[in-house]
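Working notes, structure below.
Just so you know, these numbers use all the heavy atoms, side chains as well, and skip hydrogens, waters and symmetry mates.
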Amino acid sequence: MNETSTLNQLRDFDAQSPLASDDAAIRSQALRELTRGLEPGKPVRQKVADLLIVVMALSARTRRMVQPRVEIDVDVFSPSGTRAVRMYINNR
């Protein structure tokens with residue numbers, strides 16, 4: 001898959017979460033349901049799918065942590081030769 005198609009997929013991404021809704025009432029209801037599950041003392045019955053999601057997320061995070069650090073240094077020059085933009089991203 002090339003970079004352009006990946007960026008196009010990201011551009012066309014449509015969030016399906018009720019927390020991303022434009023309606024404040026729907027967002028509030030979703031937030032109440034989330035916080036209700038976090039209340040102490042309530043037994044929470046987890047599904048196997050929930051466990052798999054956690055395991056996959058931890059696995060992905062572990063893979064990212066062992067990757068080498070990346071530094072990006074971008075210089076953009078104007079047609080006259082002067083620096084137009086300098087961007088330095090240090091991922092540490």
Side-chain angles (χ1 to χ4, degrees):
M1 181 178 294
N2 64 28
E3 294 278 331
T4 306
S5 63
T6 305
L7 291 174
N8 287 340
Q9 287 176 355
L10 184 60
R11 180 196 65 204
D12 297 335
F13 176 75
D14 184 29
Q16 300 296 317
S17 171
L19 291 171
S21 174
D22 292 332
D23 187 3
I26 293 173
R27 287 193 313 266
S28 296
Q29 176 64 24
L31 192 56
R32 278 193 298 277
E33 290 174 6
L34 280 173
T35 56
R36 193 176 309 135
L38 298 175
E39 292 175 0
K42 288 183 73 176
V44 179
R45 182 164 170 84
Q46 299 290 333
K47 298 177 183 175
V48 174
D50 295 334
L51 177 62
L52 288 175
I53 289 170
V54 170
V55 169
M56 290 174 63
L58 289 173
S59 174
R61 184 172 64 182
T62 303
R63 279 195 309 273
R64 286 192 304 271
M65 288 175 63
V66 298
Q67 294 295 318
R69 295 286 183 188
V70 174
E71 292 182 5
I72 300 171
D73 191 9
V74 178
D75 281 327
V76 178
F77 294 93
S78 67
S80 65
T82 60
R83 179 175 286 145
V85 176
R86 177 167 173 88
M87 180 175 25
Y88 179 75
I89 301 171
N90 185 353
N91 186 15
R92 289 186 189 205

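Every residue two or more places apart in sequence or in another chain was checked for a salt bridge (charged side-chain N to carboxylate O under 4.0 Å, His left out) with D23, and none qualifies.
Salt bridge D73/R86: present, at least one basic N to carboxylate O contact under 4.0 Å.
K47 places none of its side-chain heavy atoms less than 4.5 Å from the side chain of L52.
With R27 as reference, S21 is the one residue of P18, S21, S17 to meet the side-chain contact (heavy atoms from CB on, under 4.5 Å) rule.
Atom OG1 of T62 sits about 11.5 Å away from atom CD of Q67, to the nearest 0.5 Å.
What you find for A84 and S78 is that their closest heavy atoms are CB-N, 4.0 Å. Here the closest heavy-atom approach between residue L34 and residue L19 is recorded as CD1-CD1, 3.6 Å.
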Determine, stepwise, if the pair S28 / R32 fulfils side chain to side chain donor-acceptor pair (under 3.5 Å). CA-CA 6 Å; S28 296; R32 278 193 298 277; 4.7 Å; no

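Using a 4.5 Å cut-off between side-chain heavy atoms of Ile, Leu, Val, Met, Phe, Trp and Tyr, L51 falls into a hydrophobic cluster with V55.
Heavy atoms of other residues, nucleotides or ligands lying less than 6.0 angstrom from CZ of R61 number 12 at most.
When hydrophobic clusters are built by joining Ile, Leu, Val, Met, Phe, Trp and Tyr residues whose side-chain heavy atoms come closer than 4.5 Å, directly or via intermediates, F77 is not grouped with M87. Neither V48 nor M56 shares a network with the other; the hydrophobic side chains, linked directly or stepwise wherever heavy atoms of I, L, V, M, F, W or Y lie under 4.5 Å apart, form separate groups for each.
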